Amino acid sequence: MKTSAAEILREYGPFPGADRVHGVTFDGRHVWFASGDKLNAFDPENGNTVRSINVAAHAGTAFDGKHLFQIAEDRIQKIDPATGGILATIPAPGGGGDSGLAWAEGTLWVGQHRGRKIHQVDPETGAILRTIESNRVVTGVTWIDGDLWHGTWEGDESDLRRIDPRTGKALERLQMPPGTGVSGLECDGGDQFFCGGGSSGKVRAVRRPNRGPRIT
């Protein structure tokens with residue numbers, strides 16, 4: 001497995017009224033993060049908070065291009081970002097032990113923290129479509145250009161891992177500095193990840209490695 005030190009490009013926060021950062025997502029313009037009792041959006045250009053939605057927000061956050069999805073205890077809420085209204089609710093696969101959340105291939109991908117799994121879930125019914133096993137605690141989850149990445153956080157050690165979505169085998173690891181944890185995880189669609197920092201109350205931008213041209 002290729003291992004390198006994570007390159008932290010920028011830190012955002014702590015943010016007023018948000019003691020923790022759980023899930024993180026990106027809508028193409030703003031970074032959204034869950035802080036327990038609300039979802040918050042900030043501008044990654046200047047770090048300023050632009051709005052908040054009062055909704056239970058205990059773990060992973062995702063955006064499908066139109067709606068926000070937010071884990072709240074043992075359920076996943078579908079939220080209209082314009083109004084803050086909850087449009088639908090499905091059961092979370094981990095029954096309350098869920099962590100990261102991502103949207104890809106028309107489905108939700110849900111990290112199961114201590115279960116060390118990532119589930120692909122039907123966004124309409126909550127049915128589990130497939131499960132990927134990991135050998136580490138799973139925090140945030142994100143897909144980018146066909147690559148599946150997830151965060152880990154055990155004790156004082158945390159990293160970002162690119163894994164084989166078929167086998168769960170770790171292919172690449174970005175090691176965060178000691179004491180710098182990763183809760184939520186999202187890619188901006190380009191060359192950086194946004195990483196939730198848990199109890200630090202911060203969101204960190206981390207450089208995404210360049211894998212070069214693909215051979216097919």
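Note that the structure is predicted; figures quoted are calculated from it, not measured.
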- prompt: Any chance the side chains of Gln77 and Thr89 put a donor and an acceptor closer than 3.5 Å?
  reply: no
- request: Tell me, with the steps shown, if Ile118 and His150 meet side-chain contact (heavy atoms from CB on, under 4.5 Å).
  value: CA-CA 9 Å; Ile118 299 170; His150 76 79; 4.0 Å; yes
field: ILVMFWY network linking Ile144 to Phe194, side-chain heavy atoms under 4.5 angstrom
entry: no
Please tabulate, for the side chains in residues 59-71, all donor-acceptor contacts under 3.5 angstrom to protein atoms that are two or more places apart in sequence or on a different chain.
residue : atom : partner : partner atom : Å
Thr61   : OG1  : Gln70   : OE1          : 2.6
Asp64   : OD1  : Lys66   : N            : 2.8
Asp64   : OD1  : His67   : N            : 2.5
Gln70   : NE2  : Ala59   : O            : 3.1
Gln70   : NE2  : Gly60   : O            : 3.1

message: Quick check on the 6.0 Å ring-centre criterion: do Trp32 and Phe26 meet it?
response: no
The single option from Asp145, Thr142, Asp188 passing side chain to side chain donor-acceptor pair (under 3.5 Å) against Arg208: Asp145
Non-neighbouring partners of Phe15 that pass ring-ring contact (aromatic ring centres under 6.0 Å, His included), sequence neighbours left out: Phe33, Phe42
task: Report yes if some heavy atom in the side chain of Ile86 is under 4.5 Å from a heavy atom in the side chain of Arg75; otherwise report no.
output: no
query: Is a side-chain donor-acceptor pair under 3.5 Å present for His119 with Thr131?
result: yes
field: Check: Arg136 side chain, Trp153 main-chain N or O, donor-acceptor pair, under 3.5 Å
entry: no
task: Using atom types as modelled and distance alone, determine if a side-chain donor or acceptor of Thr139 lies under 3.5 Å from a backbone N or O of Val182.
output: yes
- prompt: Under 3.5 Å, side chain of Ser183 to main-chain N/O of Val21, donor-acceptor pair present?
  reply: yes
query: Side-chain heavy atoms under 4.5 angstrom apart, residues restricted to Ile, Leu, Val, Met, Phe, Trp, Tyr: same cluster for Met176 and Leu185?
result: yes
Expected output: side-chain Arg161 to main-chain Leu171 donor-acceptor under 3.5 Å: no
Show which side-chain atoms of residues 102-110 pair as donor or acceptor with protein atoms under 3.5 Å away, not counting sequence neighbours.
residue : atom : partner : partner atom : Å
Thr107  : OG1  : Ala104  : O            : 3.0
Thr107  : OG1  : Trp109  : NE1          : 3.3
Thr107  : OG1  : Gln120  : NE2          : 3.0
Trp109  : NE1  : Ala104  : O            : 3.1

task: Using atom types as modelled and distance alone, determine if a side-chain donor or acceptor of Thr49 lies under 3.5 Å from a backbone N or O of Arg51.
output: no
query: Side chains of His22 and Ser35: donor-acceptor distance under 3.5 Å anywhere?
result: no
